[in-house]
Every structure is written in C-alpha cells, then in structure tokens.
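Here the structure is laid out as structure tokens; the discussion comes afterwards.
These numbers were taken from a predicted model, which means no experiment stands behind them. Just the heavy atoms: all of them, side chains too, but no hydrogens, waters or symmetry mates, feed the values below.
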Amino acid sequence: MEKVWSIERQDKAVVQSLQDELGITAIAAKILAARGFSSAKQATAFLQMDESIVHDPFLMQGMTEAVARIHQALDEGEHIRIYGDYDADGITSTTVLMTALLELGANVDYVIPNRFTHGYGPNTELFRQAHEDGVDLLITVDNGISGVEQVKVARELGLAVIITDHHEPGDILPDADVIVHPRIPLGHYPFGELAGVGVAFKLAHALYEEFPAHLVGLVALGTVADLVPLVDENRWLVQQGIKQLQHSSSYWIKALCEVTATAQSTINEETLAFYFAPRLNAVGRLQDAAPGVDFLLSETMEQATHGAALLETCNKERKKIVDTITEQAIAQVVADDRVIVVAGEGWNAGVVGIVASRIVERFYRPTIVLGIDKDKGIAKGSARSIEGFHLYNELAKNKAIVPHFGGHPMAAGMTLPLENVDALRQALNEQAQQLTDEQLTPRIAIDVALTLDEISVHAIEEVAKLGPFGTDFPKPLYALEGVEVKDMRKIGASQQHLKLTLAGEGTTLDAIGFSQAEMYDNITYGTPMSFVGDLQLNEWQGNVKPQFLLKDMQVNTWQLFDVRGIRQVGRWLNAVPTDAVYVAFNEATRVYFSTFITASIELAPTQVTAKTLVLLDLPQSEAQLAALIMQSQPQRIYVHFHTEASGFTRPPTREDFGWYYKFLVKRPDFALQQHIEQLAAHKGWAVNTIKFMTRVFFELGFVKIDNERVTVVQGAPKTPLTSAPSYQQRSAQIEMEQQFVYAPYAQLKQWFDERLQSACAEEETAK
C-alpha cells in the first residue's frame, strides 16, 4: 500500500548550534532538534540526568499509610497476598514487590488472574479465595483502580486492601484501605506517567527506606513493555535498569539471553521490547501467567533455564496462533469496508489485539477482531484504530450493541452478544463515512532526512547513546533522498529479503530490507530514489559497517525497466503493474504476446493515456516512438523490444554481395532451394543471409526467380544496393536495433529522458 511521507525538516541553525556546542555528529544533532531541543542546555539536562530525577516515594499520596500498614503486617506476621496482572508490566510488578517483601521477612505469596477464566483486574472469586486462604492484607499491583465492587466484597470479608495502580481511574474509586496512584489526586506527584512496575518499585523504595538498585532491571523491563513515556524518572530508571541487566548475575537474565541468542552486554531497550517482553507476555496470553513470576524469581540456573524454555515454547505457540488467526481474519476482510470487523469461533482472546494490529498495518482501516464463544453466546475481542477515528468515542455511540467496552482513541477491548456482531459492523461503517480518502491513506512520519556522507559507525554509536528510545522519545525514522541504487539482489532461503548498495555524495551504503523483496521490481538503476528506514551496525567477521534497514521507498521521477532479451515472458510480466498499457507496433507481435498477456494490446497507437507503458517490440521509426512517448508521458516504461530472429550471424557486406553475384553469373539457372544449405555451410553464412541477398538482387532486376531457380539477368543496369526496398528496410531495422535493442541501459534511458523533458518543456511553453 502506497504511503504518504511526512518529513520533518529541522532548523539548520539549531542543528549546527547543537552540533558545535555539544560536540556531536550531525545525525545526533538533528535527532535532538526533532525531539524539540533548541539549545545545548536543554539537551544536556535531558541526556545527563542523574539520580536526582528520582522523586521521593513519600510524595505519592497514600505511600505513608501503605508503608505503615505493611510494616504492621510484617510485625504481626500477617499473611500478605500480592494480586498482579497477566502482562509483562503486571508480572514484573508482582516480582518487584514479592522480592522486596520476602527480603523484609514477610509471610507473602501472590496470585495472577487468568485472562480466560477471571478476566482483567480485580476478581471477586479470587478475593473470596484469598479470604479462605487466611490472607489478611491484599496488595494489588498494576491493577485495582477499577475494582469498585470487588474491593467492596474484599472489605466485607475482612481483608485489608492496598491498591497500587497506574491505569486511568473512573469517577468512583474503590473503598480500599489505601490507594497509591501517581495521578490520584491529579497533580499531587511530580511525575504521573509511571508504569505499574514503577509504582510497585516506589512502594519497595519506601519500604526499604533506600533506593533498591537491585530491582531496576525489572523496572526497566516492565516500563518498556508497557509503552509508558520514557521521560523524567521513567527514562532514568530504564537507563539504569539496562545497565544493570547488561552485567547482572541473575539467573533469569542469563536464561533469557540464552533462549533469545542475545549477548548480555548488548541488552538495550529494543532487546526488552522485542525479545524479552513478548516472551513474558506470551505466558499470560496462552495460560496462567504465574510461571512468568516464578521464572523472574528463579533461585537456581536450572529453575531459570526451565522457566525460559516454557516462555520460549509459549512464544512460539503464540506466533503460530497469531499467524493462523491473521490468515483466517484476512480472508474475511471486505474490500469496501471502512471499518473491518472480523470474528471467528475459538479465536484466542489473548492474541486478537496483535491480529488487529497486523490487519491495520496491512489495510490501514480501523479493525475489530472478535473471538466467538457459541456456548456463552458472546463475542469478545480487541480493536485497533487509525488517526481520525476515535475508537472509544465511536464505540460509545453503540452502547446498546456493545454493552461492555473500554479503551482509548487508538485501542479498545469489548464483549458483546454474538447476534450483535453484524449490527456493530454496519453501524461502525456508517459512522466511518466521515473518513476521507486522505485519512484512509497511511502516513509515515519521518524525523530526520540524512545524506549518505553523514552516516558512519561513530555517528550510529553516538545515536545509541541518546537512548533509551520509546514512547514520547521515539527512536528516529530516517529518510535518504535522491540516492541511486548501484547494486541489488534478492537474498534468503526463499529470496524474500532484499540487499542493496546505495550511492550518493561520493560514498556508498549497504541497505537491507527484510521481507521486502517486492521492492526489487520497483527499483531501477541510475534513477534518483528515496528510502525510509533505520540505521544499524552490521558486524561480520570482525568488520563493523553502517547499514540501512529499509522500511519504505519512493520514486519521484519516471523509471525505465529494462526487460530486453528476456525471452521467457513470465520472468518479467508479473512485475508489471496491473494498470499498464501494452503496445505492439507489428501485428505479428500482438498475436504472439496475446497468448501471455490477458490485457488488451494496443497496435501502433498514435496516442495513449498510461502511467505505465510496456513496449513489446520496435516501431517502424524513431519518430513514431518519440511521438508516442512525448504524448503519453508515462511514469514507468518497460522496454522489451521483441524482434523476430533474423537468422543473420552478421549483416552481409558489399564484398558478400559481390562474391554471391559472381557465383550466380557462373551458375545460370541456379537451384537455390536445393543447394542453399550447402552454399551456406561453404561460406559460413546464415541461410537467411543468402535469401536476403537474393531478394535484393531480384528487387534491383539483377536476377530472375522462377520456381526457386535463380538466373542472372544479362545487361541489367547498375543500380546501388541501397536502392532495393529490402536493403533499405533491413538497414533501417539494423539501425533501430542498434539504437534501442543493443544500446547500453544508460544510453537508452538518456534517449527517453530527452523526449520526456522535451514534452514537459512544450507543456510549459503552452501555458
């Protein structure tokens, strides 16, 4: 799907100032400018933050009361239960508080609700079970703020309840003993964007009465996984957490590095986001999440290895399930729908959000993916949206259809009666009529435009030091504009990847597009092109080089695709766009290609309207082709220039004609058909060469031909060979073949360039 690019252009003076004052590369300076830093002082304060950015945990309302109540439980030996959540943030939150309380000598255990049997958040059944198990104090982490009724039940049972959460509170708060939340009341705490694990860490900090540095690795993992803003103390905690993880002796870290083939010293925020967090999340998506906590609490390497293997198995299974559901969901997509609503029986509720994201990425439409439970008569699932379609508000217009839903503008979860699925699809599609074609066209926001000479190993290493990147400080996306492709090839077992060499500013850069092999058919040599992607370092056999990771490409000028000489039509035909106009200048060519091409083939047209033009053979003259190109002004030209094999090994010379004429003079009434093969072998000529020379002699009146017997005409007037129509036609054909069939690509492109430029100049003059 073609995307619209939006490239941010930084103020050159600001970039230069940052570069000079901070002593950094142009790339790093551009990134800082793109992130809103206009002075070195601002940038330094952000990049060089220290422990002073960490706020006193007792600034958070309820912290003093929570710590007092927990110390009471510690002093009296009360049974404490931590009530967590089944995602990576919830699992790390539970682990942080479990570790702290165990180290403080607490009688503590934990429970994680099952996504499928208990659902998200506080669960009355589990609270009743806690009471039966003799729990005295219940502490929620990464959830609880929505559990008004459930907390009421817990209190009625005699449980003390402390809620620690970071999710958006409702109008009514639970009647817990204590609520610890960075935004309740709003603005009381200096930084309100902590993840659930950040809030649990604050409680641990307060309980220890000193900064618990040994827990920041877990905080980094949960914070990155939950996509909270990586600014203020979140940024510093993640920075410190990553440093700790790079050198930690914890068994779980070593086991995760093993199963993900990660060098521990290279762990960064991308490692956490794309390798570690998905494996933690996978457990809760498919089964009970408790093994995730057990894994993080591993006390032996054997236990950690076993836990990591379970996480890896779950993650592989999760991928298979996602792939299967995605394939089934795509098969249900209705092309004209502006909101995609798909549903399937037995679709795993733990992965439908991932499936929805994949469908949005492919079709760029708001998407709802629902799992059907026929026994309960319900459909339950997740939704993802696009800019311009406020998912929560649009769902709110359908409360009668969707009685249970929640979320925000870009994502939501919901449960509705099975019989309402079609009604929801219809209602949302009617509401989506407001979306314009522009809103339904995917956009790529590009932070920084680069030139190839700005890219180096040092520059890329320096960019990494600006991290961690994440929400509110995203990793930059780069554009390379007007570069040329010097070399390209498909790679991989299934030829699914693309390897390029880009050239510009007197240097080259390797580029790779994973699963981007379809770009191959849209790239032409010598054409200025633009690419969007990421920068990375590629290390191979001890050599480190910059590499560009391709995401998208654009061409802002016409392109010439050279498929000359490729006789197997199928090798190039599939790469031609479906809207192409095919042109043949000879009827025989049109008939020949009609067996391969289902589209109609224009025969020697004087004018066509075509974005893509495919020239199947040669015209009668250069002027005929020039007129067609200047009139149609296509953006893509495919040249095949099919020619019937003439059989000539080389064009006959004047000496060849002279020898052959003398040969015929000496052999009156020569039986051409009978002896032509023998003559061709004797002279090393092609049979068609002899036929051609005979036809020229006949047209000039030098010979008579009667029943395939050739006789020289005595006394025939001397006439130049060039007077013969066949000779003229063949000469013109040779000239056309030399100019178009055998010309180097650069020469051929220059010919088309000149005609297209001339056409543009004529249009400008006419205006």
Check whether [X] reaches the backbone of [Y] with its side chain - one donor and one acceptor, N or O, closer than 3.5 Å.
X: Thr262; Y: Glu258; answer: no
X: Asp177; Y: Ala160; answer: no
X: Asp136; Y: Glu78; answer: no
X: Asn114; Y: Phe116; answer: yes
X: Asn123; Y: Glu125; answer: yes
X: Tyr110; Y: Ala290; answer: yes
X: Gln246; Y: Ile267; answer: yes
X: Arg285; Y: Gly350; answer: yes
X: Asp142; Y: Gly90; answer: yes
X: Thr164; Y: Thr140; answer: yes

Problem set entry | Sequence neighbours excluded - salt bridge (Lys or Arg N to Asp or Glu O under 4.0 Å) pairs with any residue from residues 259-281 |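 Non-adjacent pairs meeting salt bridge (Lys or Arg N to Asp or Glu O under 4.0 Å): Glu270-Lys475, Arg279-Glu312.
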Exercise. Going by the salt bridge (Lys or Arg N to Asp or Glu O under 4.0 Å) test, which pairs reach into residues 27-38, not counting sequence neighbours?
Worked result: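 Listed once each, the pairs are Lys30-Glu454, Arg35-Asp447.
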Problem set entry | Stepwise side-chain hydrogen bond (donor to acceptor under 3.5 Å, both in side chains) check, Gln48 with Thr44 | CA-CA 6 Å; Gln48 297 181 7; Thr44 301; 5.0 Å; no
Between [Y] and [X], does any NZ, NE, NH1 or NH2 come within less than 4.0 Å of an OD or OE carboxylate oxygen?
X: Lys202; Y: Glu233; result: yes
X: Arg183; Y: Glu168; result: yes
X: Asp323; Y: Arg358; result: yes

[Y] side chain reached by [X] side chain, heavy atoms, under 4.5 Å:
X: Leu549; Y: Ile512; answer: yes
X: Thr92; Y: Asp89; answer: yes
X: Leu230; Y: Asp472; answer: no
X: Val352; Y: Ser382; answer: yes
X: Gln19; Y: Gln16; answer: yes
X: Pro182; Y: Phe191; answer: no

For atom [atom1] of [X], is the number of surrounding heavy atoms from other residues, nucleotides or ligands below 6.0 Å larger than 12?
X: Glu361; atom1: CD; answer: no
X: Gln129; atom1: CD; answer: yes
X: Glu209; atom1: CD; answer: no

Pair [X], [Y]: side-chain N/O donor-acceptor within cut-off below 3.5 Å:
X: Glu103; Y: Tyr208; value: yes
X: Asn143; Y: His167; value: no
X: Asn315; Y: Tyr275; value: no
X: Ser248; Y: Gln244; value: no
X: Thr25; Y: Glu462; value: yes

For this session: Give every residue pair that meets the ring pair (Phe, Tyr, Trp, His ring centres under 6.0 Å) criterion with at least one member in residues 277-319, sequence neighbours excluded.
Result: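 For residues 277-319, and leaving out neighbouring residues, there are no ring pair (Phe, Tyr, Trp, His ring centres under 6.0 Å) pairs at all.
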For this session: Could you list all the ring pair (Phe, Tyr, Trp, His ring centres under 6.0 Å) pairs where at least one residue sits in residues 32-59, not counting sequence neighbours?
Result: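 Of all non-adjacent pairs touching residues 32-59, those that pass ring pair (Phe, Tyr, Trp, His ring centres under 6.0 Å) are Phe37-Phe46, Phe46-Phe473, His55-Tyr189.
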Indicate the atoms forming the closest heavy-atom contact of [X] with [Y], along with that distance.
X: Leu221; Y: Ala277; value: CD1-N, 4.0 Å
X: Leu74; Y: Gly105; value: CD2-C, 4.3 Å
X: Ala206; Y: Val67; value: CB-CG2, 3.5 Å
X: Gly292; Y: Val283; value: N-CG1, 4.4 Å
X: His181; Y: His166; value: NE2-C, 3.3 Å
X: Ala308; Y: Leu256; value: CB-N, 4.4 Å

Problem set entry | salt bridge (Lys or Arg N to Asp or Glu O under 4.0 Å) partners for Arg81, two or more places apart |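 Only Asp109, Asp133 meet the salt bridge (Lys or Arg N to Asp or Glu O under 4.0 Å) criterion with Arg81.
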For this session: Report the C-alpha distance between Asp56 and His205 in whole Å, list the side-chain angles of each, state the deciding distance to 0.1 Å, and finish with yes or no for side-chain hydrogen bond (donor to acceptor under 3.5 Å, both in side chains).
Result: CA-CA 9 Å; Asp56 183 347; His205 185 176; over 6 Å; no
Exercise. Residues in side chain to side chain donor-acceptor pair (under 3.5 Å) with Ser38, at least two apart?
Worked result: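 Side chain to side chain donor-acceptor pair (under 3.5 Å) list for Ser38, sorted by chain: Gln42.
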In Å and rounded to the nearest 0.5 Å, what is the [atom1] to [atom2] distance from [X] to [Y]?
X: Leu215; Y: Leu237; atom1: CG; atom2: CG; answer: 11.0 Å
X: Ser39; Y: Leu22; atom1: OG; atom2: CG; answer: 9.0 Å
X: Leu535; Y: Ile460; atom1: CG; atom2: CD1; answer: 4.5 Å
X: Thr94; Y: Ile112; atom1: OG1; atom2: CD1; answer: 3.5 Å

For this session: Evaluate the criterion ring-ring contact (aromatic ring centres under 6.0 Å, His included) for residue pair Tyr478 and Phe548; output intermediate values, then yes/no.
Result: CA-CA 9 Å; Tyr478 305 99; Phe548 196 71; 7.2 Å; no
For this session: Could you check Asp87 against Asn281 for side-chain hydrogen bond (donor to acceptor under 3.5 Å, both in side chains), going step by step and ending with a plain yes or no?
Result: CA-CA 5 Å; Asp87 66 1; Asn281 280 323; over 6 Å; no
For this session: Would you sort out whether Asp226 and Val197 count as a side-chain contact (heavy atoms from CB on, under 4.5 Å), showing the intermediate values?
Result: CA-CA 9 Å; Asp226 214 49; Val197 70; over 6 Å; no
For this session: Using the side chain to side chain contact (heavy atoms under 4.5 Å, CB included) rule, pick out the option among Leu137, Leu138, Val135 that qualifies with Ile80.
Result: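 Only match with Ile80 under side chain to side chain contact (heavy atoms under 4.5 Å, CB included): Leu137.
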For this session: Kindly indicate, with the supporting measurements, whether the criterion salt bridge (charged side-chain N to carboxylate O under 4.0 Å, His left out) is fulfilled by Glu193 and Arg235.
Result: CA-CA 11 Å; Glu193 299 298 331; Arg235 175 179 172 82; over 6 Å; no
Exercise. Going through the checks in order, is the salt bridge (charged side-chain N to carboxylate O under 4.0 Å, His left out) test met by Lys545 and Asp510?
Worked result: CA-CA 8 Å; Lys545 294 175 63 177; Asp510 291 340; 3.0 Å; yes
Problem set entry | Derivation and outcome, side-chain contact (heavy atoms from CB on, under 4.5 Å), residues Leu32 and Ile24 | CA-CA 11 Å; Leu32 290 173; Ile24 57 178; 3.9 Å; yes
